[in-house]
Amino acid sequence: MAVVKIDTLSRSVAEGPSLMTGSIPRRDWKDMPVQFKPGNYAYPAKSEIIAYLDSQPGLNLPNARDWSPEDDDWKLPEDWKETIINGLAERLDKFRSLKIFMDCCVRCGACADKCHFFLGTGDPKNMPVMRAELLRSIYRQEFTLAGKLLGKMAGGREMTVGVLKEWFMYAYQCTECRRCSVFCPYGIDTAEITMMLRELLHLVGCGINWAMEPVANSNRTGNHMGLTPQAFKGNVDFLCEDIEGLTGITVNPTFNRKGAEVLFITPSADVFAEPGLFTCMGYLLLFEAIGLDYTWSTYSSEGGNFGLFTSNEVMKKLNGKMYAEAKRLGVKWILGGECGHMWRVVHQYMDTMNGPADFLEVPKSPITGTVFDNAASTKMVHISEFTADLIKNKKIKFDKSRNSHVKATFHDSCNPARAMGLLDEPRYILDHVLDEWHEMPENTIREKTFCCGSGTALNTDEIMELRMRSGLPRANAVKHVFDKHAVNTLATVCAIDRATLTTLMDYWVPEVTVAGITELVGNALVVEGEKRQELDEGLRTLVF
Ligand code: SF4
Ligand code: SF4
């Protein structure tokens with residue numbers, strides 16, 4: 001899809017019809033059907049992908065077929081309505097949080113203007129309270145006495161194909177970032193409501209390909225791209241050759257090695273795509289510098305878990321693979337790389353889905369002796385926690401001048417920030433590897449961070465204008481520090497962010513590039529025996 005030009009989009013964002021500009025819809029929201037047109041929806045999952053996943057043990061993903069959201073007939077199963085209502089009943093019974101979220105919203109509106117999709121599109125149905133209402137209205141009609149007796153007067157409505165289509169539109173215009181929940185006095189987590197909407201849609205075969213193809217690949221070969229074990233190892237080997245060329249350090253990582261102390265798992269994007277590759281070089285150099293006894297796995301070769309964007313059962317299955325591999329290899333604990341949603345799954349869901357992982361040990365750094373009690377159940381430590389601890393205990397040395405080409409700002413990735421509270425460790429690392437970095441405005445960082453706009457499998461080109469709109473609040477904050485301090489680098493700890501923010505910056509603030517925190521660590525790290533060249537761009541420097 002062609003992306004609208006920046007001057008046109010920025011003008012239409014500011015002047016186009018929306019509540020933000022005073023244009024009030026004339027009809028009740030329930031009377032405004034969604035209209036699918038090229039550019040406002042992500043492509044549906046391919047039928048062969050759904051058929052494959054449905055055939056897998058523990059998964060239920062029915063109704064594989066070719067279809068398009070633009071078609072009138074979505075080729076739903078005959079009993080689709082019954083399936084949806086029964087599915088909702090089952091989930092209300094299973095998840096107490098869902099029942100509470102359905103009942104306790106007081107419509108105070110505190111969340112309304114906190115969503116980047118609402119800010120970027122001006123579409124009232126992108127207000128979190130409205131997004132939830134899409135489901136809540138059905139809940140009221142079907143599961144409350146008032147709704148059963150009074151219907152519309154009690155805020156209920158019939159479940160129709162039109163409602164289902166509306167769910168599909170707005171469940172995939174939410175990145176499950178949870179920013180709205182920070183501002184809700186009742187702690188209503190709209191991301192969890194979106195997750196339920198997506199689960200219900202999958203019961204009748206309505207999912208998107210950008211989520212389901214990575215899920216299928218992860219299940220089959222271990223990672224989103226479907227890299228074979230040989231290709232995965234080959235890519236890491238290439239990076240080791242680059243490290244040797246740039247620094248004179250020979251790195252010899254091991255793969256699938258039984259008895260290693262630590263299993264290292266990172267998003268596969270770190271291994272095959274820029275700018276993640278440079279972060280991966282940072283990991284390799286760091287582990288070599290401290291002599292860590294670790295192994296990669298070519299089977300559990302993906303930290304990302306697109307099950308979070310699909311359904312609880314898919315999330316559980318993909319998460320289970322990491323722990324099965326840790327058990328098979330006999331490691332003591334797991335070290336995790338720079339990923340966003342992997343950490344939400346590990347911190348918020350793993351324990352009740354697959355845990356506690358009592359066959360592993362409570363993680364203890366073999367270099368500093370620090371015991372990571374915060375990971376006592378999951379047995380999994382974030383690379384930023386691990387690195388910050390190395391710095392605090394003076395186990396690694398840096399030469400900040402090697403990052404003199406970098407003037408950074410830091411983007412808190414939604415999941416590490418809001419789902420695991422990883423707020424200070426990346427900042428502590430930046431203090432030690434950079435001479436200068438600057439915070440974005442207070443209401444756009446830490447727990448209140450703005451989403452990249454393309455997470456939860458929305459990082460797909462056919463909705464590029466939507467992505468540029470929803471990423472606008474984040475881009476605007478970066479523009480602020482670019483104008484004020486001339487920052488040139490947006491540092492982050494998430495693989496999806498590194499991909500999505502690169503596109504977003506290219507569009508809104510092209511002077512700013514995106515880098516992982518561990519890339520900046522690798523740039524500045526002083527390693528014994530190195531013969532490092534003058535590297536103008538750190539580990540990105542091309543040496544001929
Ligand atoms: S802030 Fe919470 S209670 Fe208020 S409208 Fe939003 S979801 Fe409802
Ligand atoms: S979770 Fe994020 S994307 Fe979804 S409604 Fe809330 S603020 Fe918007």
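For ligands, and for the atoms within them, numbers begin at 1 and follow the listed sequence. Keep in mind the model is a prediction, meaning the values are calculated, not measured.
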For [atom], closest protein heavy-atom neighbour:
atom: atom 5 (S) of ligand 2; answer: Arg131 NE, 3.2 Å
atom: atom 6 (Fe) of ligand 2; answer: Cys180 SG, 2.3 Å
atom: atom 4 (Fe) of ligand 1; answer: Cys108 SG, 2.3 Å
atom: atom 8 (Fe) of ligand 1; answer: Cys105 SG, 2.4 Å
atom: atom 1 (S) of ligand 2; answer: Arg178 N, 3.2 Å
atom: atom 3 (S) of ligand 1; answer: Val106 N, 3.6 Å
atom: atom 2 (Fe) of ligand 2; answer: Cys177 SG, 2.4 Å

message: Within the structure, is a non-hydrogen atom of Thr194 found at a distance of less than 4.0 Å from ligand 2?
response: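 No, Thr194 has no heavy atom closer than 4.0 Å to ligand 2.
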Say whether, by atom type as modelled, one donor and one acceptor occur between the side chain of [X] and the main chain of [Y] under 3.5 angstrom.
X: His341; Y: Asn415; value: no
X: Asn126; Y: Phe118; value: no
X: Asp270; Y: Cys280; value: no
X: Ser68; Y: Glu70; value: yes

Whether Tyr41 and Phe36 hold their rings parallel, tilted or perpendicular, with breakpoints at 30° and 60°: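 Rings of Tyr41 and Phe36: perpendicular, over 60°.
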Under 4.0 Å from a heavy atom of [X]: give me the atoms of ligand 1 that qualify, with their elements.
X: Ala110; answer: 1 (S)
X: Arg107; answer: 5 (S), 8 (Fe)
X: Cys184; answer: 1 (S), 2 (Fe), 3 (S), 7 (S)
X: Pro185; answer: 1 (S)
X: Cys111; answer: 1 (S), 5 (S), 6 (Fe), 7 (S)
X: Val129; answer: 5 (S)

query: Quick one: does Ala112 get within less than 4.0 Å of ligand 1, heavy atoms only?
result: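 No; Ala112 lies far enough from ligand 1 that no heavy-atom distance drops under 4.0 Å.
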task: Using non-hydrogen atoms of the residue, decide whether Gly109 is closer than 4.0 angstrom to ligand 1.
output: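 Yes; Gly109 lies near enough to ligand 1 that a heavy-atom distance drops under 4.0 Å.
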If you count the atoms of ligand 2 from 1 in the order shown, which ones are under 4.0 Å from a heavy atom of [X]?
X: Thr175; answer: 3 (S)
X: Pro128; answer: 5 (S)
X: Cys115; answer: 3 (S), 5 (S), 7 (S), 8 (Fe)

message: By the definition salt bridge (Lys or Arg N to Asp or Glu O under 4.0 Å), identify the one residue from Arg418, Arg446, Arg427, Lys448 that meets it with Asp412.
response: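 Checked Arg418, Arg446, Arg427, Lys448 against Asp412; only one passes salt bridge (Lys or Arg N to Asp or Glu O under 4.0 Å): Arg427.
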query: Can a salt bridge be assigned to the pair Lys317 and Glu313 using a cut-off of 4.0 Å between side-chain N and carboxylate O?
result: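 So Lys317 does not pair with Glu313 through a salt bridge.
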- prompt: Does the pair Lys30/Glu158 count as a salt bridge with the N-to-O cut at 4.0 Å?
  reply: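 Here Lys30 does not pair with Glu158 in a salt bridge, since their nearest N and O are not under 4.0 Å apart.
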The single option from Asp497, Ile517, Thr279 passing side chain to side chain contact (heavy atoms under 4.5 Å, CB included) against Thr492: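 Exactly one option meets the side chain to side chain contact (heavy atoms under 4.5 Å, CB included) with Thr492, and it is Asp497.
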- request: Give me the one residue out of Thr194, Ile188, Asp189 that meets side chain to side chain contact (heavy atoms under 4.5 Å, CB included) with Glu192.
  value: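 The passing option is Asp189.
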message: Taking the six-membered ring of Tyr170 as reference, does the cationic atom of Lys125 (NZ for Lys, CZ for Arg) lie under 6.0 Å from its centre and within 45° of its axis?
response: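 No.
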Chi angles and distances behind the side-chain contact (heavy atoms from CB on, under 4.5 Å) call for Leu135, Leu200: CA-CA 10 Å; Leu135 180 61; Leu200 293 170; 4.0 Å; yes
task: Please determine, by modelled atom types, if Glu385 and Asn374 share a side-chain donor-acceptor pair under 3.5 angstrom.
output: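 Checked: Glu385/Asn374 side chains pair up, N/O donor to acceptor below 3.5 Å.
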- request: With heavy atoms only and a cut-off of under 4.0 Å, state how His116 meets ligand 2: side chain, backbone, both or neither.
  value: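 Just the side chain.
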- prompt: So, is Cys174 placed with an N/O/S atom under 2.8 Å from atom 4 (Fe) of ligand 2, counting both backbone and side chain?
  reply: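 Cys174 does place an N, O or S atom closer than 2.8 Å to atom 4 (Fe) of ligand 2.
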